[in-house]
Amino acid sequence: MDEFNFIKAIKPKYYKHSSVVKGIGDDGAIIQPNYSQQLVIATDTMVENIHFSLEYMSFEDVGYRVLAANLSDLAAMGSQPLYYIVNISSSNQVSNQELVRIMNGMKELADSYKMDLIGGDTTSSNQLVVTVTVFGQVDQNKKRLRSVAKPGDSVFVTGYLGESGYGFKLLQLGDYQHHNHFIKQHIRPRPRLDFVNTTATIDRICLNDVSDGLSSELNEIADASNVSMLINWEDIPVHPDMTYLEGFELEKLLLSTGEDFQLVGTCSQNDLKQIQINCQHAGIKVSKIGKVLDNNHDPTVYINKNGTKSRLDSQGYQHGKCKGD
Ligand code: ADP
Ligand code: MG
């Protein structure tokens, strides 16, 4: 691999943000911060054969997918994307041209959000590993923390859950039709940055992205906010083409498989009405799936299914019937 030519090939000709004082080409990037905004920083890594396989993903897909996972974190913080940094480790079996294809897949998504590539690192290793770090900005009064859920809030999710997991199942069955809706949701998920602008007028939203599965994200919110929650199984949105699935499999897809990169959160009941109106205009589905409870001595997520209330742990397992219910 010729690092010099690789960097030459990916170096942007110009930067979209005037805040980039120095981009690629020196020992470090220089940014002139916007003092009225706070900086949000997130990072995510994808490792070949653990997080993706080149059997069903192109090099462009790999690049797209790792940046999408990062952008989902920026969306979950309520921030606007600005810049990204890319660290690639690969064996010499991966050509320069293939590395450029990874960067092109990323660029496609980055350009749609006017993001600037401002640096990175390129190293050799046995396995293909791609790490992206993203930088975004947020108005300090509009950041969407996990720790701000309040008793009486409604719990909501965007879109449908389990679509990416179902797409992965189709891929494992040897269905490589990349135009299939679910396979697309797995390989090229669209981060929910559209939700950020659409809900910018709302003061308080507690938010998390569904990267590790709904149960896990709900438990993170409950712990961070020190509240309990009650979710209604029947209210969890399922894509019509997935309703035929067996109970156990559907449960696993909706509760434990992540990577849908939808958003889950809580807000006041009144604000949810406003969010749903705004989001309907923007074509974003927002469903109420439960509520935040009053008791907060032991943060717990409960799920109500067929009239039975049980505890939902972060792995998606439902523990028996609850005492006194
Ligand atoms: P240094 O040796 O000073 O760390 P490098 O030679 O590794 O710098 O990189 C030269 C320039 O290219 C730097 O600006 C660095 O940020 C950038 N760069 C290196 N690899 C990548 C990459 N994979 N993606 C984006 N920028 C990169
Ligand atoms: Mg240097």
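- The distance from atom CE of Met77 to atom CG of Asp209, rounded to the nearest 0.5 Å, is 10.5 Å.
- The CG atom of Leu218 sits 4.5 Å away from atom CD1 of Ile231, with the distance rounded to the nearest 0.5 Å.
- For the atom pair CD of Gln97 and CZ of Phe59, the computed distance is 10.0 Å after rounding to the nearest 0.5 Å.
- Side-chain atoms of Thr257 never come within 3.5 Å of backbone atoms of Gly165 as a donor-acceptor pair (strictly under, hydrogens ignored).
- When the shell of 6.0 Å around NZ of Lys252 is examined, it contains 12 or fewer heavy atoms from other residues, nucleotides or ligands.
- A donor-acceptor distance shorter than 3.5 angstrom exists from the side chain of His17 to the backbone of Lys114, with no hydrogens or angles considered.
- Taking the six-membered ring for Trp and thresholds of 30 and 60 degrees, Phe135 and Tyr83 have ring planes inclined between 30 and 60 degrees apart.
- Although no hydrogens or angles enter the test, the distance criterion places no donor-acceptor pair under 3.5 Å between the side chain of Ser287 and the main chain of Ile289.
- The backbone N or O of Ala200 lies less than 3.5 Å from a partner atom in the side chain of Lys142, making a donor-acceptor pair.
- In terms of heavy atoms, Leu245 sits closest to Glu249 at CD2-OE1, 3.5 Å.
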Leu71 and Met115: side chain to side chain contact (heavy atoms under 4.5 Å, CB included), yes or no, with the steps? CA-CA 11 Å; Leu71 290 181; Met115 295 185 86; 3.6 Å; yes

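- For the 3.5 Å distance criterion, the side chains of Asn219 and Ser314 fail to qualify, holding no donor opposite an acceptor.
- Of the candidates Thr43, Thr45, Asp121, Asn70, Thr131 forms a side chain to side chain donor-acceptor pair (under 3.5 Å) with just one, namely Thr45.
- The side chain to side chain contact (heavy atoms under 4.5 Å, CB included) search around Ala224 returns Arg146, Ser147, not counting sequence neighbours.
- Neither side chain, Ser215 nor Ser256, offers a donor N or O lying under 3.5 Å from an acceptor on the other.
- No side-chain donor-acceptor contact under 3.5 Å links Glu234 and Asn304.
- For the pair Leu54 and Val62, the tightest heavy-atom approach, listed with the atom from each and the gap, is CD2-CG2, 3.9 Å.
- Judged purely by atom type and a 3.5 angstrom limit, Ser225 has no side-chain atom pairing as donor or acceptor with the backbone of Val227.
- Remark: Arg188 pairs with Asp61, Glu108 by the salt bridge (Lys or Arg N to Asp or Glu O under 4.0 Å) rule, at least two apart or across chains.
- Counting only heavy atoms from C-beta outward, the side chains of Ile187 and Leu171 approach each other to under 4.5 Å.
- Side-chain atoms of Asp271 do not come within 3.5 Å of backbone N or O of Ser268 as any donor-acceptor pair.
- Within the 3.5 Å criterion, the main-chain N or O of Val210 finds no donor-acceptor partner in the side chain of Gln262.
- Under the 3.5 Å distance criterion, with hydrogens and angles disregarded, no donor-acceptor pair is assigned to the side chains of Ser154 and Gln269.
- Residue Arg144 is tested with Ile205, Leu263, Asn208 for a side chain to side chain contact (heavy atoms under 4.5 Å, CB included); the sole match is Ile205.
- Checking Asn306 against Thr308 by side-chain atom types alone, no donor-acceptor pair falls below 3.5 Å.
- Side-chain atoms of Arg192 do not come within 3.5 Å of backbone N or O of Thr158 as any donor-acceptor pair.
- Remark: Arg311 does not engage Asp298 in a salt bridge, criterion side-chain N to carboxylate O under 4.0 Å.
- Without hydrogens or angle criteria, Asp116 side chain to Ile118 main chain gives no donor-acceptor distance under 3.5 Å.
- Residues satisfying the side-chain hydrogen bond (donor to acceptor under 3.5 Å, both in side chains) test with Ser79, not counting sequence neighbours, are none.
- Classified by interplanar angle (parallel below 30°, tilted 30° to 60°, perpendicular above 60°), the ring pair His186/Tyr56 is tilted.
- Remark: the backbone N or O of Leu230 is not paired with any side-chain donor or acceptor of Lys291 at under 3.5 angstrom.
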